[in-house]
**Q** 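Pasting a structure below so you can have a look.
To find a chain, count down the sequence lines: A is the first, B the second, and so on, and within it residues start at 1.
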There are 2 protein chains.
Amino acid sequence: MGNSFSGESSAVQSVDRALQILEILAQEGEVGVTDIAATLNIHKSTASRLLAALLSRNLVEQLSDRGKYRLGIGLVRLAGTVSSNLDSVSGSREITRALADQYGETVNIAVLNENRVLYVDQVAGSHIMTMRSWLGQIVPVHCTATGKVLVAWLPEKTRKSVLPNKFEKLASRTITSITQFEKELATVRERGYAIADEEMEDGFTAVAAPIRNSHQEVIAAIVISGPTNRMTKLGLASVGKNLAKNAQLLSGNPTSWQE
Amino acid sequence: MGNSFSGESSAVQSVDRALQILEILAQEGEVGVTDIAATLNIHKSTASRLLAALLSRNLVEQLSDRGKYRLGIGLVRLAGTVSSNLDSVSGSREITRALADQYGETVNIAVLNENRVLYVDQVAGSHIMTMRSWLGQIVPVHCTATGKVLVAWLPEKTRKSVLPNKFEKLASRTITSITQFEKELATVRERGYAIADEEMEDGFTAVAAPIRNSHQEVIAAIVISGPTNRMTKLGLASVGKNLAKNAQLLSGNPTSWQE
DNA sequence: CATAATGTTGCGTCATGGGCAACAGTTTTT
DNA sequence: AAAAACTGTTGCCCATGACGCAACATTATG
């Protein structure tokens, strides 16, 4: 009875199926009724009705009459509330804005979500070049400063289950050995911040620090990123220390990110 | 049998209820099971189970064990896909980034959603002050440049149903007379772009232009905004004309925003 | 032009969603 | 401090809504 897509759930079946459809659309972009039905192993009339429910609330939209479906703008509105809620609880925007102002580079907050890094808030830096939108994007753990921070303090067993089996080489300096990655994490724990220097993308460098909950567990990461030449000029160690200090201010706030 | 919250739907009832819960959380922030049940006129065990389904997919999160619920970060990830999809189809980011670079102010794209303006994409300007996050936010139609653009070309009947009964005065220069607002829309149609000069917020000015579909219907608006003194220095008419021209480049692309 | 494929919808069936009751824990009131 | 009230959760049973089937209209393909 369980569906193999994105894990089984004992929740309300039709609701769970509808939410699985959203995840399929997030991964595939534009998908038809028949493909969704095949993926979820349900009848196409069931898929059509579930999509109609999502359509009526603007969570999906149809490209043309009887055409393929994609995610809809209703999600943007709901997600905007998430970011506003995060700020209103933790007051993180004040700190991320101050850091973006001080360094001129983009500042993000990210969490671990399904064993990968998800960017949940962003304040853009003043520089124009590479003014990338990270919000809502997902990146790997092994080659990002945020990923290193989010896993460095995990219990070893938990960490092993989070890390991928094979470290994909995405840039010239990607760490691909698990032994070397563990050494890197030891350095992160020692320093209190992480650096990813042309590891996810050539010419791109990031520095991240941990945001902790009241049990001292790392629940989010704050990260400054930008082109390698500019980041190097800022002084990565100096930025790291300052970031760690600011992250600590955020760590003191109650009920911030999902614990 | 229909529920009065956010209109009735003939869609899959349990899915529609779950999505209504998301909308309640978007509006109220943090809400308990009992309140949700009361709002939707369902049993609290039903509400609890629907929330459990949303929880299992990270679309909501619970503040503490047995505590209130709020929207979850799974929405941020899904919404990130919406923005990426919009860009990959319309290529809007190239144009919005170029405009942000040229003027140094924040550029957004917005659509009409439930008779209000919803910001669906944003590129921040290079200035630090008022680096506000519009993405996912909802603002009124009557006192925003984007709102004026989104309704100016609507058939009169449609426009009347979109506009609020009473124009709330939100800033020193808010237009509160419907007669004057219609005159303003005539100016917008003549110029091809709209200006909101300290109408939604004192000290804040925006210029917007229409993005059209293949039937020449206005389906989105592109807007530049910033502090009134800086925007005035840029020359509002000049910015407006340039914006209209750039918006036209976007209007040519197929299957952009929801039609 | 014929065939195949897709998405939609009416209908009947039954598997599931939902209400009830009971419970555990927390908060409020006395 | 104790009692009462409230909240959120869960086992259970059954009424109903979700679902699959068949048929249809439309579009795409050979």
**Q** Whole-Å distance between dG17(C) C1' and L50(A) CG?
**A**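 Distance, rounded to whole Å: 14 Å.
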**Q** CD1 of I42(B) versus P of dT16(C): gap in Å, rounded?
**A**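 In whole Å, dT16(C) P and I42(B) CD1 are 20 Å from each other.
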**Q** Residues in side-chain hydrogen bond (donor to acceptor under 3.5 Å, both in side chains) with R159(A), at least two apart?
**A**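 Here the qualifying residues are E182(A).
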**Q** Less than 4.0 Å between a side-chain N and a carboxylate O, is that true for R57(A) and E23(B)?
**A**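 Judged by the 4.0 Å cut-off on N to carboxylate O distance, E23(B) and R57(A) do form a salt bridge.
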**Q** Please state how far atom CD1 in I36(A) lies from atom P in dT8(C), giving the value in whole angstrom units.
**A**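 Atom CD1 in I36(A) sits about 10 Å away from atom P in dT8(C).
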**Q** Tell me every residue that passes side-chain hydrogen bond (donor to acceptor under 3.5 Å, both in side chains) with K245(A), counting only those two or more places apart in sequence or in another chain.
**A**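 By the side-chain hydrogen bond (donor to acceptor under 3.5 Å, both in side chains) rule, K245(A) matches no residue at all.
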**Q** I want to check one thing: is the phosphate of dA5(C), taken as OP1 and OP2, less than 4.0 Å away from some side-chain N or O of T34(A)?
**A**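 No, no such contact exists.
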**Q** Identify all pairs in which a protein N or O lies below 3.5 Å from an N or O of nucleotides 9-13 of chain D, and state each distance.
**A**
residue : atom : partner : partner atom : Å
dT9(D)  : OP1  : Q62(B)  : NE2          : 3.1
dT9(D)  : OP1  : Y69(B)  : OH           : 3.1
dT9(D)  : OP2  : S48(B)  : OG           : 2.8
dT9(D)  : OP2  : Y69(B)  : OH           : 3.4
dG11(D) : N7   : R49(B)  : NH2          : 3.4
dG11(D) : O6   : R49(B)  : NH2          : 3.2
dC12(D) : N4   : R49(B)  : NH2          : 3.4

**Q** The criterion is ring pair (Phe, Tyr, Trp, His ring centres under 6.0 Å); which residues satisfy it with Y119(B), sequence neighbours excluded?
**A**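 Result, ring pair (Phe, Tyr, Trp, His ring centres under 6.0 Å) vs Y119(B): W134(B).
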**Q** Write down the distance between CG (L55(B)) and C1' (dG8(D)), rounded to a whole number of angstrom.
**A**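 Distance check: L55(B) CG to dG8(D) C1' gives 13 Å.
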**Q** Measure the distance from CG on D16(A) to P on dC19(D) and round it to the nearest whole Å.
**A**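 It works out to 11 Å between those atoms.
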**Q** For R17(A) and dG17(D), give me the distance from atom CZ to atom C1', rounded to whole Å.
**A**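 These atoms are roughly 13 Å apart.
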**Q** Please identify each residue that fulfils ring pair (Phe, Tyr, Trp, His ring centres under 6.0 Å) with Y193(B), with sequence neighbours left out.
**A**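 Per chain and number, Y193(B) pairs via ring pair (Phe, Tyr, Trp, His ring centres under 6.0 Å) with no residue.
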**Q** Could you state the atom-to-atom distance from CD of Q13(A) to C1' of dG20(D) in whole Å?
**A**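 My rounded result for the distance is 13 Å.
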**Q** Under the rule for side-chain hydrogen bond (donor to acceptor under 3.5 Å, both in side chains), what residues qualify as partners of E156(B), not counting sequence neighbours?
**A**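 So E156(B) forms a side-chain hydrogen bond (donor to acceptor under 3.5 Å, both in side chains) with K160(B).
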**Q** Provide the closest heavy-atom pair for A26(B) versus L78(A) in the form atom of the first, atom of the second, distance.
**A**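 Heavy atoms only, the tightest pair is CB-CD2, 3.6 Å.
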**Q** Mind checking side-chain contact (heavy atoms from CB on, under 4.5 Å) for E168(B) and listing every partner two or more places apart, or none if nothing turns up?
**A**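 side-chain contact (heavy atoms from CB on, under 4.5 Å) list for E168(B), sorted by chain: H142(B), L170(B).
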**Q** Can you name the residues that form a side-chain hydrogen bond (donor to acceptor under 3.5 Å, both in side chains) with S14(A), not counting sequence neighbours?
**A**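 Partners of S14(A) under the side-chain hydrogen bond (donor to acceptor under 3.5 Å, both in side chains) test: S14(B).
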**Q** In terms of the nearest nucleotide of DNA chain C, which residue is placed more toward the 5' end: G32(A) or S14(B)?
**A**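 With G32(A) and S14(B) compared, the 5'-side residue is G32(A).
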**Q** Taking the axis from the first five pairs and the axis from the last five, what angle separates them in the helix from dC1(C)-dG30(D) to dT30(C)-dA1(D), rounded to 10 degrees?
**A**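 Taking five pairs per end, the axes differ by 50°.
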**Q** From CD of E30(B) over to C1' of dG8(D), roughly how many Å is that when rounded to an integer?
**A**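 Going from CD in E30(B) over to C1' in dG8(D) covers 16 Å.
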